[in-house]
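In what follows, a structure is listed as structure tokens, so that the remarks can point back to it.
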2 protein chains.
Amino acid sequence: MVDPLSAVPVYVQVADAVAARIANGDLEPDRPIPSEEHLRQDFEVSRGTVRHAVALLRERGLVVTVPGRGTYVLDRSQ
Amino acid sequence: MVDPLSAVPVYVQVADAVAARIANGDLEPDRPIPSEEHLRQDFEVSRGTVRHAVALLRERGLVVTVPGRGTYVLDRSQ
DNA sequence: CTATATTTGTGCGTATGTATG
DNA sequence: ACATACATACGCACAAATATA
């Protein structure tokens, strides 16, 4: 869930939520995270906000994005 | 480059810089100027400031903006 | 080879909130 | 009160890359 009234920007909330799913193993290494459209519906935010969140995850080194395919959880075990 | 400390507003400085590129032929008639995002990165300003600058160029009759496509240098030779 | 579906990339339009001078 | 400037967040449309039928 996301709180639009929070001082924490929505895109940060979304990024943190996805990061948590990576941390707890719900989203596994080398597997794609949900598509932008899927995340958009899940969190009920705009696609722009989702893309902002995913960009944050890339900056944090948690995922890599492949155009036309999707965004994948980075395997940091190797 | 842009000087945030100048008495000349940043959005005017950006508009003048783009106008100069049109005047010297760097940006050609019927061709798009760099996107808002590109200009934003070039000048290291916010998108709002870029849009303010482009609005100024429209008022000056130097460019036309096509929603969803881009902003084009007006051909004043015809 | 073509066509379609999916997904990300790009581009502009708009609105609101915050901060500063 | 006003202008400037930034950040956030919504929307729409189309392009490009990829995968598959």
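Here is the naming used below: chain letters follow the sequence lines, and residue numbers restart at 1 for every chain. These numbers come from a predicted model, not from an experiment.
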> Got a second to check how far A:E36's CD is from A:T65's OG1, nearest 0.5 Å?
Replying inline: 7.5 Å

> If every non-hydrogen atom of A:A19 is compared with every non-hydrogen atom of A:R60, which pair is closest and at what distance?
Replying inline: CB-NH1, 4.1 Å

> Does the side chain of A:P34 reach to within under 4.5 Å of the side chain of A:R21, using non-hydrogen atoms?
Replying inline: yes

> In B/S/- notation, 5' to 3', how is nucleotides 13-21 of chain D contacted by protein heavy atoms closer than 4.0 Å?
Replying inline: B---BSS--

> How far apart are the closest heavy atoms of B:L74 and B:G61, and which atoms are they?
Replying inline: CD1-O, 3.3 Å

>> Restricting to side-chain contact (heavy atoms from CB on, under 4.5 Å), what partner residues turn up for B:D3, sequence neighbours left out?
In response: B:L5, B:S6, B:Q13

> Can you list every ring pair (Phe, Tyr, Trp, His ring centres under 6.0 Å) pair that touches residues 9-36 of chain A, not counting sequence neighbours?
Replying inline: A:Y11-A:H52

> Separation of B:R51 atom CZ from D:dT4 atom P, in whole Å?
Replying inline: 16 Å

>> Could you work out, with salt bridge (Lys or Arg N to Asp or Glu O under 4.0 Å) as the rule, every residue matching B:D42, not counting sequence neighbours?
In response: none

> With a non-hydrogen cut-off below 4.0 angstrom, is B:G70 in contact with a base, only sugar-phosphate, or nothing?
Replying inline: sugar-phosphate

>> Under the rule for salt bridge (Lys or Arg N to Asp or Glu O under 4.0 Å), what residues qualify as partners of B:E28, not counting sequence neighbours?
In response: none

> Does A:Q41 have any side-chain hydrogen bond (donor to acceptor under 3.5 Å, both in side chains) partners at least two apart in sequence or in another chain, and if so, which?
Replying inline: A:E37

> Roughly how bent is the helix from C:dT2-D:dA21 to C:dG21-D:dC2 end to end, in steps of 10 degrees, with each end axis from five pairs?
Replying inline: 10°

> Counting only heavy atoms not in B:R31, do more than 12 fall under 6.0 Å of its CZ?
Replying inline: no

>> Rounding to an integer number of Å, can you tell me how far B:L56 CG sits from D:dA3 C1'?
In response: 14 Å

> How long is the gap from CZ on B:R51 to OG on B:S46, to the nearest 0.5 Å?
Replying inline: 11.0 Å

> What integer distance in Å separates B:Y72:OH from C:dG11:P?
Replying inline: 10 Å

> Expressed in angstrom and rounded to an integer, what is the separation of A:L5 atom CG from D:dT8 atom C1'?
Replying inline: 14 Å

>> Using a strict heavy-atom distance below 4.0 Å, which residues from residues 34-46 of chain B are in contact with DNA chain C?
In response: B:S35, B:E36

> Can you list, by residue number, the residues of residues 16-23 of chain A that have a non-hydrogen atom closer than 4.0 angstrom to DNA chain C?
Replying inline: none

> Cluster partners of B:V2, using ILVMFWY side-chain heavy atoms under 4.5 angstrom, listed by chain and number?
Replying inline: B:V10, B:V14, B:V18, B:I22, B:L27, B:I33, B:L39, B:F43, B:V45, B:V50, B:V54, B:L57, B:L62, B:V63, B:V73

>> Please report the interatomic distance CZ(B:R40) to OG1(B:T49), rounded to the nearest 0.5 Å.
In response: 10.5 Å

> Are OP1 or OP2 of D:dT4 and a side-chain N or O of B:Y11 less than 4.0 angstrom apart?
Replying inline: yes

> Can you pull the ring pair (Phe, Tyr, Trp, His ring centres under 6.0 Å) pairs that have at least one residue in residues 53-74 of chain B, sequence neighbours excluded?
Replying inline: none

> Can you give one letter per nucleotide of nucleotides 15-21 of chain C, 5' to 3': B if a protein heavy atom sits under 4.0 Å from the base, S if only from the sugar-phosphate, - if neither?
Replying inline: -------

> Could you state the CG-C1' distance from A:L57 to C:dT8, rounded to the nearest angstrom?
Replying inline: 15 Å

